[in-house]
Structures are given as C-alpha cells and as structure tokens.
Amino acid sequence: MKYHIFSDPDNTIQLFESIITSSSEYGVIATDKDNRIVLWNRGAELIYGYSPDEMLGKHLPHDLNKKAGIDSDFLFLVENDFKGNIIDYKMSATTKNGQIKPVSIAISHRTNEENMFCGLLILVRDITKYMYEEQFRDLLLEITQIVNSPRPLDDMCLSICTTVSAILDVPIAFICLFDYLNNNFYINSQVGLSGKNCNHECIYYPDEANIPESIKSCYETYSQFVITSELLKDHDILKCINKRKLNENDNYIIHIPLTSDDSLIGILHIIAPTLKREFLIKETQILGLIANEITAGIQRKRLVEEIREYADNLEKMVKVRTSQLREKDALLIQSGKLATLGEMATGIAHEINQPLGGISLITQGLILAKNRNKLTEEMLSEKLNSIVDQVERINKIIGHLRTFARQSDDTKKEVDVKQPLLDVFKLIGEQLIKKNITVELDLADNLPLILADHNKLEQIFLNLIGNARDAIGELEKLGRKLKKESEASDWIKSLDKKITIRIYTNEEDEIIEISDNGIGIPESIINKIFDPFFTTKEVGKGTGLGLSITYGIVKEFDGTIDVTSKEMQGSKFTIKFPIYRRKSL
C-alpha cells in the first residue's frame, strides 16, 4: 500500500510505512474509498483496545470517537470534504471495554500513484496524560490561592474538596483530619458523599494486628506516609455513597497523606474511575505538591486560630485583670480618702467646734438675759436665728464629709474645676486660717469644662493643698529650731506662709498650678514622690498614698501631673486636663 502524502523515493515510503505500522505512541488508521479500515497499527490497538484482526476490512465504527465530549457521534466518511487540508480535532475515544479517554486526531486525504483520492489517513494520539497534567497545574494554582485566602479552616477545606472534584472531574473528594484527643480521623469536609454530614470515622491503629480489611489502605497511608488506593467496593466509606449514581466496581478510592515533618495531620481522599486512578497513582510527585500546599494551609489556619483563641483568652484575662485592678484602685482611692480624713480629724473637729462654741455662747447669753429679766422677743428671735445658722454650718460640714467619704462610681461627667477646688476649703479652710497660711486664688473667668469626677478632683486638691500646708509647717518648724540656735536667716524671720492656686487654659488643656513656699523636695527623691507608700513624713503622719493616688486619678481623666521644687523655696505642682468638647451632631 502506497501513501502518496510525500513525493519521496520508494525506500523513504517503505521506511514511513514501517514506522507508522509499528508506532505505539500514535494510532494510525487508514480507510479506503468505501470507508473500510485498511490499516490499524499497534498504536491504534493500544488506544482503542481492538486488535488489527478485529478491525481490518470493517467499516470505521460510528461511535469510535465522540466530538465535543461524549454527547454527539462523529463519523469519519470519505465523502467529507477536507479540501486537501489536514484537520485537527480533540475528541473522546471509546475503548473496547467502554472507557472514555481524550484523544487528539488529525485527518488527511490519502491518494494513490495517479494522485487520485483513495481514502483517509487518521492519526490518533492519547492526550490523557497532557490533559491530566494541565488539570493538575490548574488544581495546584487554585489550591495555592485557596490556602492563602483569609477564610477559616473548615471553609478552606470545603473549598479544596470542591475544587479537587471540579478540576479533576472526580465525583467524590473528602478530607479526614486527625483528632489528637480522640486518636482517630474524622471527615472535616467533603463533596459527593450522601447526606450533609457523614459520620464515618477511621480509627487510628498503632499496628496492623486487628485492622479491618475495609480500612487497610488507610492504615498503610497514615503509618507509612504513602499514597495508596483500593477498589471503592472494598472500603468502609461505601456506606456513605449513593450506589445508584456511582459504579463501585469501576471506581477506586485514593488516599493521599497530608504530612508535616514526621507527623500526619490528615488524609485527602479522591474517588476516581480506573483510567484516572492509574494516572493519579503514577503522578505521585504532583500529588505530593498538592498535598504539601494543603498541609501548609491547614497548619497556617490552625496557627491563626490558635493565636486568635490565645488573643481572645488574653483579652478576657486582661479585662478580668483590668476589672480587678479598677476595683483595687477604687478601694485604694477610698482608703486614701479615709486616711486623709483620719489625718484631718483634729482639723475637722475644730471646724465643727467653732460653730458649737458659738451656739454655746449664744445659749449662755440667752440664759443670762433671762435671769436678769432683760430677754426680749426681739433678742430671742435674733439669737435663735444665729443658733440656726451655726447648726446649718455644722450640717454642711458633716454633709460634705459624707459626700467626700462616699466611694465614686467611676462615671465621668462634665465638671467645672472651680467647684471641687472651693469645696476643699470646707474641710481644710479653718486649718489654714489657724496656721496663718494665706491662700491666693487666681482663677480665670469662664473656664471650660473637663470630663472627670467631682469627688475625685476634690481628693486631688485636698492631697496637694494638704501637702502644701505640711511643707510650710515643716519649714516653719525648721525656722523655730534655727531661731532657738540663733542661726535663723532673714528669710525665715520674715516667712510669709502662702499657697497660690492658679487655673487657666490654653488651646487644648485646662491647667491647674498649686504652689507653696514650704520646705521643698530634695532633688534626690523628687522622682519617687508619686511611688506608692513613699513618704518623707514622720511615722504615723502619712500613708505614702496621697501623691500616688493623685497621680492615678489624674491619669484616669487623661491628664498629666508634673512637679518642680527647690529646697527651702517651695514646690509647684502642675496638672493639665484636656478640655471637654461636645461632639457636634
């Protein structure tokens, strides 16, 4: 038989005939003018499964190939007009045993020595490997994108199963993850199994002694970290599959281990027909790359979830701890108040004794006037009104003590700083007068409000003014000592005991300055004065909490506090609070 496709000498044509007849990679089929097969080489036999004896001399079968998938027949006829050109197709070949495989087909006219048409020459190539390789490349790219997406672990695994099923065109794919607590595998995500959830579990066996036959391949996979497969009908997962939709005798289940270093975190299972299973088992390197991507993705998701869980637990712990610290801070502040009141007990008693003394004198005067028959209605009315005034004064002092001693509710409100400042003098005013300490107030008009707590601000002012009073007292005490020793200098002899309080604003802050001309703070300890329990006072005359509590309250209201001081010249505390501005609607 001559193939006048090329204008070559006879020896070249004979060589060509020998090649195409014996070729195993390409199926070579030739037909005559009646569409009968006149050549069926070794390659065609390997692709279709029919021997030359079964095909030679017979008409080319109608259903040998399908065009555009498997939905339509494509019959090669000699009447087809190819116009002398070679036509290429990608089709689906139907094998003798009913398998479908993708093929590439090239068709050309065959001519005789007179250059007359005498049939068709058909070259067929099995492109299963190339199509599967392309599918694998696409799958690897898709899985890489999936595992690097921000989706949660379960969503990621489900998306992987869906993608494996769609791209590899397999009916079922599922992932079993290893549960370290229960020492078994459970189905995390699946596509194609019956029911929304399959309760199938693979128990982890440490050895082969009592392993059921239905999961022996699983054991080989998770014990040796190798890809294995078996007929679907022999595996226990068959109970989760709709047998009417899947031929169990022509499908295999493939087990792909998901390993990290020396540990197994899960198994990817793919159920595929025989032809695809053969290719998958051969391409273990590609499956290994896909498994590595999935493993890395699972580990990253678990790490993220562990970090998120740790962060959530840490946040809860911080909230609990913060709440505990706030309670302790509140108790500490309350203790500081009560300690301050305890230190001021003598002064407060004097505050109350003064109106009580007035009441006593008025009462004695009324008794004396009555005994002398000089008590008139007008005098009685006047003196009783005076008594009422003094009683009201006592009530105000006691009422303010109750208010000051009450524990704050940690609610910030709009506050005019002047009010808590002036309230301080209800508690300490008479003490300052008794000690001949002058208080100079320089308070700007129309001061803006700040967001704070009236009671706690009063505690700040009481601590700072009380400390200023004590610093002036210490300097006065030193002056008396030096005077006895005839070493008093002129500045001590003419000591002007004074506390200056100034309040003003800039663009952002309300600024409070409390200055005194007391004994001052040594430079060596000025950085420690806000530390808890640090005090320079004698034992029994200070808790060391006043300035520490003051610092904490200032910080609570988003403020700052600073101090400057010189020994024997006094100190100045400067507090800044942010001005409160209502948010416009």
**OP:** Report the relative orientation of the aromatic rings in H269 and F174; use parallel for angles under 30°, tilted for 30 to 60°, perpendicular for over 60°.
**Re:** parallel

Under 3.5 Å, side-chain donor or acceptor atoms of residues 152-161 against the rest of the protein: list the pairs with distances, not counting sequence neighbours.
from: D154; atom 1: OD1; to: N188; atom 2: ND2; distance (Å): 2.9
from: S159; atom 1: OG; to: R151; atom 2: NH1; distance (Å): 2.9

Decide yes or no for [X] and [Y]: does some side-chain heavy atom of the first lie under 4.5 Å from some side-chain heavy atom of the second?
{"X": "I579", "Y": "I450", "result": "no"}
{"X": "I511", "Y": "T505", "result": "no"}
{"X": "I501", "Y": "D442", "result": "no"}
{"X": "L193", "Y": "I237", "result": "yes"}
{"X": "V388", "Y": "L384", "result": "no"}

**OP:** Before giving the answer on side chain to side chain contact (heavy atoms under 4.5 Å, CB included), spell out for V417 and I512 the whole-Å C-alpha distance, their side-chain angles and the decisive distance to 0.1 Å.
**Re:** CA-CA 9 Å; V417 172; I512 304 152; 3.7 Å; yes

**OP:** Dump the intermediate steps for salt bridge (charged side-chain N to carboxylate O under 4.0 Å, His left out) on E556 and K412, then the final yes or no.
**Re:** CA-CA 10 Å; E556 181 183 349; K412 296 179 182 180; over 6 Å; no

Original post:
Hey, mind stepping through K498 and D516 against side chain to side chain contact (heavy atoms under 4.5 Å, CB included) and telling me if it holds?
Top reply: CA-CA 6 Å; K498 183 169 62 175; D516 66 70; over 6 Å; no

Original post:
More than 12 non-hydrogen atoms from neighbouring residues, nucleotides or ligands closer than 6.0 Å to NZ on K418, yes or no?
Top reply: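 Enclosed.
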
Subject >> Electrostatic pair E510:K576 at N-O distance under 4.0 angstrom >> reply: no

Original post:
Within 45° of the six-membered ring axis of Y504 and under 6.0 Å from that ring's centre, is NZ or CZ of R502 located there?
Top reply: yes

Original post:
If you look at every heavy atom in E513 and T574, which pair is closest and at what distance?
Top reply: CG-OG1, 4.0 Å

Original post:
Shortest non-hydrogen contact from L258 to L264?
Top reply: O-CD1, 3.5 Å

Original post:
Do any N or O atoms from the side chain of S571 and from the backbone of S565 form a donor-acceptor pair under 3.5 angstrom?
Top reply: no

